Protein chains: 2
Amino acid sequence: MVALPLMSGMPTIVDMPLPEHPRMSDVAARAGVSLSTVSRALRGASGVAPAVRAEVERAAAELGYVVSRGASSLVTGVTGRIAVLVPFLQPWFFGVALAGVSTRLRASGQDMLVYQVGDVDELDAYVRSLPLRSNVDAVIAVALDLGDTAVARLDEIGLPVVFCGRRVPGRACVFTDDTAAAAGATRHLLNLGHRRVAYVCSRDQTGFSWSSRDRLRGYEAAMAEAGAEAVVVTEPPGHQGGALAMARLLSMAEPPTAVFAESDDVAMGVLQVARRSGIDVPGDVSVMGFDDNDVAALLDLTTVAQPVTEMGERAAELAVRAVRAAGPVRDHVHLDTRLVVRQSTAVPRSRREGPAGGTEQRG
Amino acid sequence: MVALPLMSGMPTIVDMPLPEHPRMSDVAARAGVSLSTVSRALRGASGVAPAVRAEVERAAAELGYVVSRGASSLVTGVTGRIAVLVPFLQPWFFGVALAGVSTRLRASGQDMLVYQVGDVDELDAYVRSLPLRSNVDAVIAVALDLGDTAVARLDEIGLPVVFCGRRVPGRACVFTDDTAAAAGATRHLLNLGHRRVAYVCSRDQTGFSWSSRDRLRGYEAAMAEAGAEAVVVTEPPGHQGGALAMARLLSMAEPPTAVFAESDDVAMGVLQVARRSGIDVPGDVSVMGFDDNDVAALLDLTTVAQPVTEMGERAAELAVRAVRAAGPVRDHVHLDTRLVVRQSTAVPRSRREGPAGGTEQRG
DNA sequence: CTGTTAGCGCGTTCAA
DNA sequence: TTGAACGCGCTAACAG
């Protein structure tokens, strides 16, 4: 700050009352420069003398000034906000994915707007009303099937969309290969010596989810490949569905020796019924899940791990890139899954009691 | 629409190309009125002829026009956005709370901005930088201890704060009585006939959380009231901590016959170690949790249920009210907890094998 | 390198 | 009941 000769009693610039909601002009006055210089300095734009920039930053800090995004986005058209659409907020998967998105966005100073669009109507209402220019810069759809019309509408508006958790041809997306992962998991059970491997999948009113369908396909392929007969049980989602499914499986003439559940959540229901029925896992039946959520480790469930946090981060990364590029980004980010072998899968009893059989394993 | 005589080949209003990003003036032109009339009509302000209003709404719908929040908030100072601060995104509690907030905000057309502020620095950075005027209308802190300086800063800016999950004197907040709930849970165990009831609590680097402290207090009070000796084990949070704690308890000269864990998550670790050690629950030891998360039901864990969704909804309600009132709201919303008795707690073996003892129970 | 000017899209005075 | 003018706080062109 420049030292000035002052008459005593005269209010100095330091004595001036701090405005409650300082604006850029307050900073400009305090730093003794013009508005545009403040704007440039605070934005980190080039063409500002280092000394001036420092002075401006000091003035801003002293006033507790922060640029109003609303005002600047009115001019630039960039809001600094990214919308994340999720079908649910409660399940483990979405919390983890959001954490990933949040981390990445923080790094570039973007804000995260979260919308829960449980049903098609909500999605529709969202797409219809919200994403008008000057509300968000991009949309990340997590484990969500935006319809064609919704996507078309976003395109029309010029809003980049990133799909997280699903492969969408011609679109920016981050995904894992559910089919291959499910096939790998099924092979793990087959390689242990199981032949009667059942698959539990879930469907709600809306029908199968795509990841559900993809996993089923992988299971069927692996079974066919091994010449084993596929046994598929369909119930509502969640562990309730898993419990119902396991009950049905246990009432079959020849119950399976291994159960592959579409998700860890469903597997929990399977395990619960097994435990209550006095059926030993993996002694009597092997159980395999999918997701590797936090409870899976707790219950020693063999499962397929997805890098969910990373999926969120990468999706956010694509969204940020699309905003910067001011145009659509079409990258496909394919992340790997990982088979996590724990205590819930083992060689079937028939094998153990017969001639000693090795426990092979393939990816 | 008014039918007009047209020369053929002359472009009609219907033929006019739809602007990609229609603005209010486009609507005004299409409806044949002025800008201010459109503004009034679309905002539902009074003083617009019904016929004119209908015409404006039609024009807006045909153009796919939506008011730009950015522009209007520049004038009104209201953003239509509410910030939700959470320490974590992954745990069950936060997903459920966010779902509650989301539901309530949707009803009033507000958007939800989510910030993960895991450590004090992040919180500080957030409070320092973001909530300047024209970014959000209110802040909801979920299970978070904003420091005094942070709160003071928000006050200064005039941003309403709502605390969710904690009682804060003189502030708008939604909470449950952790102390009373923990005391009730402890009494449940005492009433079953347990005397050696251990409490497992968690602390991380930061120290005890307040809910942790409150619950501990309730446990201690109930034990003292019954003339029983308190046994408290402290470990890191999460089920790992629970597992460590249970291991320590099992190595005591006289292990407890009942374990009350600070949270369901911690209780999971306790159950895991019990199961692996061949200790029957509740045969050998009763286990009680706190939260009633989705896994608790699955594992038949007796626990204390909190109305988490409702907490989120009510917090959002207070935030919306504060925005409407354009001033601070100081309501305290006290919600009840509920003891959920499942299969993990029972009369201790000593009682069962001795003279028949009844299973009493108090709230 | 810096200052001046003209809007960004809308709500809100006023006057009609 | 409607319309015209002004300004919300800021950035982007220019000119200096």
Side-chain angles (χ1 to χ4, degrees), chain A residues 19-57 59-60 63-81 131-137 157-158 326, chain B residues 19-57 59-60 63-80 130-137 157-158 326:
Chain A
E20 290 216 0
H21 295 305
R23 358 185 233 172
M24 200 172 262
S25 58
D26 295 316
V27 179
R30 191 168 240 258
V33 294
S34 77
L35 268 177
S36 21
T37 300
V38 175
S39 174
R40 279 188 283 255
L42 259 32
R43 246 176 320 129
S46 63
V48 182
V52 175
R53 176 173 310 231
E55 186 56 36
V56 168
E57 279 167 354
L63 291 172
Y65 173 78
V66 178
V67 175
S68 161
R69 278 200 173 151
S72 72
S73 66
L74 195 55
V75 180
T76 62
V78 176
T79 65
R81 260 168 264 134
L132 194 76
R133 177 183 181 180
S134 71
N135 220 333
V136 296
D137 298 333
I157 295 170
Chain B
E20 288 215 1
H21 295 304
R23 2 186 225 172
M24 201 173 260
S25 57
D26 295 316
V27 180
R30 191 169 243 259
V33 294
S34 76
L35 270 175
S36 18
T37 300
V38 175
S39 172
R40 280 188 283 255
L42 259 31
R43 249 176 319 129
S46 63
V48 182
V52 175
R53 171 165 314 210
E55 186 55 34
V56 169
E57 280 167 352
L63 290 172
Y65 173 80
V66 178
V67 175
S68 160
R69 277 197 175 154
S72 70
S73 67
L74 195 56
V75 180
T76 61
V78 177
T79 66
L130 182 127
L132 194 78
R133 175 183 179 183
S134 72
N135 221 333
V136 296
D137 298 332
I157 295 171

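Everything numeric here is computed off the predicted structure, so don't read it as measured data. Here is how names work: the chains are called A, B, and so on, in the same order as the sequence lines, proteins then strands, and each is numbered from 1.
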Any donor-acceptor pair under 3.5 Å from [X] side chain to [Y] backbone:
{"X": "Thr76(B)", "Y": "Ser72(B)", "value": "yes"}
{"X": "Ser73(B)", "Y": "Arg69(B)", "value": "yes"}
{"X": "Asp137(A)", "Y": "Val78(A)", "value": "no"}

In whole Å, I'd like the distance from the [atom1] atom of [X] to the [atom2] atom of [N].
{"X": "Leu74(A)", "N": "dC10(D)", "atom1": "CG", "atom2": "P", "result": "12 Å"}
{"X": "Arg53(B)", "N": "dT1(D)", "atom1": "CZ", "atom2": "P", "result": "10 Å"}
{"X": "Glu55(B)", "N": "dT2(D)", "atom1": "CD", "atom2": "C1'", "result": "16 Å"}
{"X": "Met24(B)", "N": "dA5(D)", "atom1": "CE", "atom2": "P", "result": "18 Å"}

Do you know which two heavy atoms are closest between Ala31(A) and Ala59(A), and how far apart they sit?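 Smallest interatomic distance, heavy atoms only, reads CB-CB, 4.0 Å.
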Taking every non-hydrogen atom, the tightest pair across Val27(A) and Ala60(A):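 Of all heavy-atom pairs spanning Val27(A) and Ala60(A), the closest is CG1-N, 3.9 Å.
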Among Val67(B), Asp26(B), Val56(B), which residue meets the side-chain contact (heavy atoms from CB on, under 4.5 Å) test with Val38(B)?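 Per the side-chain contact (heavy atoms from CB on, under 4.5 Å) rule, the option paired with Val38(B) is Val56(B), out of Val67(B), Asp26(B), Val56(B).
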Calculate, to the nearest 0.5 Å, the distance between atoms CZ and CG belonging to Arg23(B) and Leu63(B) respectively.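 One finds 12.5 Å between CZ of Arg23(B) and CG of Leu63(B).
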Can you tell me how far the OG atom of Ser34(A) sits from the CZ atom of Arg40(A), to the nearest 0.5 Å?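 CZ of Arg40(A) is found 6.5 Å from OG of Ser34(A).
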Within residues 32-47 of chain B, which residues have any heavy atom lying less than 4.0 Å from an atom of DNA chain C?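 By residue number: Ser36(B), Ser39(B), Arg43(B).
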Between the opening five pairs and the closing five pairs of the helix from dC1(C)-dG16(D) to dA16(C)-dT1(D), how far apart are the helix axes, to 10°?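 The helix from dC1(C)-dG16(D) to dA16(C)-dT1(D) shows an end-to-end axis angle of 30°.
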For dC10(C), does either OP1 or OP2 sit under 4.0 Å from a side-chain N or O belonging to Tyr65(B)?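 Answer is yes, contact under 4.0 Å.
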Of the nucleotides dT2(D), dC10(C), dC10(D), which one has an atom closest to the side chain of Val52(B)?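 Minimum distance to the Val52(B) side chain belongs to dT2(D).
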